[in-house]
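Notes follow the structure.
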Amino acid sequence: MGQAQGTVRNQSIEALRIVAAFGVVAFHGKVSPVEAYYGGLVVFLALSPMFEMGVNFARKRSAAELATTFLVPFAFWFPIYGLVNLAKGKPVLIANDGLGLFAGTSIHLWFLPFMFAVLFVLNRFKYPSLRVPLFVAANVAMLALALTSPLWKDQPGLAQAPVGQWLHASAAVCAGIAIGLSRGSVRMTVVTVVSIALAVASLWFQADPLFSPLAYSVGLSALLVALFVPVHWPANFNVAPLSACMMGVYLMHPLALTVFNVVLGKGTFATSLAAFVACSIATFVLREAAPWLRPVLLAQRRPVSAAS
């Protein structure tokens with residue numbers, strides 16, 4: 001989607017998308033320290049609800065628009081990875097329970113229907129009178145999830161996708177909602193930063209937390225820093241064209257990792273970097289050479305102000 005006149009993207013956020021996408025690739029590539037690279041997924045989980053409840057709060061998005069962004073790519077890549085599984089002699093679905101359909105045919109696809117559901121629900125609550133209640137609920141839920149994190153480990157069914165992924169994502173989503181709703185209010189921003197600090201600190205002091213303290217520290221710290229440094233960004237250094245390719249990187253990277261794991265070896269930084277670069281180039285080329293593929297490679301680009 002084009003950028004509206006008079007708006008400019010926060011380049012530090014666009015750069016963070018790029019770094020976070022590489023983090024996801026490295027996490028799935030099992031590069032050490034794996035938990036630190038998982039912070040990339042924490043960033044993506046927080047970014048979507050942050051923008052939805054922040055700069056886009058006044059704009060209600062329809063189910064059709066959200067489906068175009070998340071469910072159309074899911075439907076496109078679902079059979080592709082299913083065929084890959086069949087070629088490898090594996091089951092088509094990665095989970096065989098009743099929710100296996102939402103996990104998809106590759107572990108990373110769970111993000112798409114999950115985020116569709118999250119944003120669909122959030123759009124039903126976009127009323128000015130609900131801003132403060134939603135803000136309080138998001139902070140309380142984030143803290144409650146963090147403080148009770150070890151208890152969730154004992155819940156049955158968490159090892160089965162996508163339930164475990166949904167629960168792992170919940171605290172990051174709450175953080176994103178709180179950050180989005182606090183934008184423009186110094187008092188609410190302070191409350192949110194303190195809440196995030198307390199939540200992350202509690203994870204570090206727990207013996208066996210469900211949520212990775214390192215991943216949440218890296219992901220949420222990077223997001224907060226990126227929000228407050230656009231004024232220091234070098235003039236005329238626009239990374240948005242590359243950032244726009246990160247959805248394609250996310251969707252294609254398991255295929256690239258399969259290839260580079262053979263060429264460069266598993267678990268190496270070079271393998272993940274090569275997969276990331278290859279997917280970035282492929283997305284950039286395909287969006288120009290095959291415009292019909294854009295809906296399944298590129299996230300819709302909504303105008304975002306530099307202060308967002």
Side-chain angles (χ1 to χ4, degrees), residues 9-52 54-55 69-70 73 106-112 114-115 118-119 165 168-180 196 200 211-230 233 237-254 256-257 269 271-284 297-302 304 308:
R9 290 189 173 277
N10 182 335
Q11 291 295 310
S12 58
I13 289 292
E14 298 303 305
L16 180 60
R17 291 182 198 272
I18 299 169
V19 174
F22 173 73
V24 172
V25 176
F27 172 72
H28 287 145
K30 303 186 185 306
V31 179
S32 182
V34 173
E35 292 299 319
Y37 290 111
Y38 184 75
L41 184 57
V42 172
V43 169
F44 282 120
L45 288 165
L47 273 179
S48 290
M50 182 191 81
F51 283 121
E52 201 65 41
V55 294
T69 303
F70 296 103
S106 177
I107 189 60
H108 72 301
L109 293 180
W110 73 270
F111 176 87
L112 298 170
F114 172 80
M115 195 53 65
V118 167
L119 299 189
Q165 283 76 12
H168 277 86
S170 57
V173 167
C174 290
I177 295 171
I179 294 171
I196 289 175
V200 172
F211 308 107
S212 166
L214 181 56
Y216 269 78
S217 297
V218 171
L220 295 181
S221 295
L223 178 55
L224 290 174
V225 170
L227 283 169
F228 296 108
V229 300
W233 193 262
F237 185 44
N238 183 14
V239 297
L242 177 58
S243 174
C245 296
M246 293 305 103
M247 181 68 152
V249 171
Y250 182 86
L251 292 169
M252 288 191 291
H253 77 271
L257 281 174
F269 184 89
T271 295
S272 292
L273 181 60
F276 173 80
V277 172
C279 290
S280 298
I281 295 173
T283 302
F284 190 85
L297 289 175
L298 304 172
Q300 292 188 21
R301 309 292 284 172
R302 297 181 299 282
V304 178
S308 63

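Just so it is clear, the values below take in all heavy atoms, side chains as well, and ignore hydrogens, waters and symmetry mates.
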Please report the interatomic distance [atom1]([X]) to [atom2]([Y]), rounded to the nearest 0.5 Å.
X	Y	atom1	atom2	value
Leu227	Met50	CG	CE	4.5 Å
Ser12	Leu223	OG	CG	9.5 Å
Arg17	Gln11	CZ	CD	11.0 Å
Leu119	Met115	CG	CE	6.0 Å
Phe70	Phe111	CZ	CZ	6.0 Å
Phe51	Ile179	CZ	CD1	10.5 Å

query: Is there a side chain to side chain contact (heavy atoms under 4.5 Å, CB included) between Ile13 and Leu47 once you walk through the steps?
result: CA-CA 9 Å; Ile13 289 292; Leu47 273 179; 4.2 Å; yes
Q) Partners of Cys245 by side chain to side chain contact (heavy atoms under 4.5 Å, CB included), sequence neighbours excluded? A)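 Only Thr283, Phe284, Arg287 meet the side chain to side chain contact (heavy atoms under 4.5 Å, CB included) criterion with Cys245.
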How far apart are the closest heavy atoms of [X] and [Y], and which atoms are they?
X	Y	value
Glu14	Ala240	OE1-CA, 4.1 Å
Ala171	Tyr216	CB-OH, 3.5 Å
Val239	Ala15	CG2-N, 3.7 Å
Leu16	Ala226	CD2-CB, 3.9 Å
Gly40	Val24	C-CG2, 4.0 Å
Ser272	Gly29	OG-CA, 3.9 Å

Within the 6.0 Å centroid threshold, strictly below: Phe269 and Phe22 =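 Ring-ring flag for Phe269/Phe22: true, centres closer than 6.0 Å.
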[X] side chain near [Y] side chain, heavy-atom distance below 4.5 Å:
X	Y	value
Val42	Val218	no
His108	Leu112	no
Pro213	Val200	no
Ile18	Phe276	yes
Leu251	Pro73	yes

key: Working for side chain to side chain contact (heavy atoms under 4.5 Å, CB included), residues Phe211 and Ser170   = CA-CA 10 Å; Phe211 308 107; Ser170 57; 4.0 Å; yes
Q | Test log, rule side chain to side chain contact (heavy atoms under 4.5 Å, CB included), inputs Leu41 and Phe27 | A | CA-CA 9 Å; Leu41 184 57; Phe27 172 72; 5.7 Å; no
Report task. Apply ring pair (Phe, Tyr, Trp, His ring centres under 6.0 Å) to Tyr37 and list each qualifying residue two or more places apart in sequence or on a separate chain. Result ->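 With neighbours one apart ignored, the set is empty.
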Between Tyr250 and Ala21, is there a donor-acceptor pair closer than 3.5 Å when you use the side chain of the first and the backbone of the second?
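Judged by distance alone, no pair lies under 3.5 Å.
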- Query: Under the side chain to side chain contact (heavy atoms under 4.5 Å, CB included) criterion, do Val19 and Val43 qualify, and how do the steps go?
  - Reply: CA-CA 10 Å; Val19 174; Val43 169; over 6 Å; no
key: Residues His28 and His253: side-chain donor-acceptor under 3.5 angstrom   =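 A donor-acceptor contact under 3.5 Å links the two side chains.
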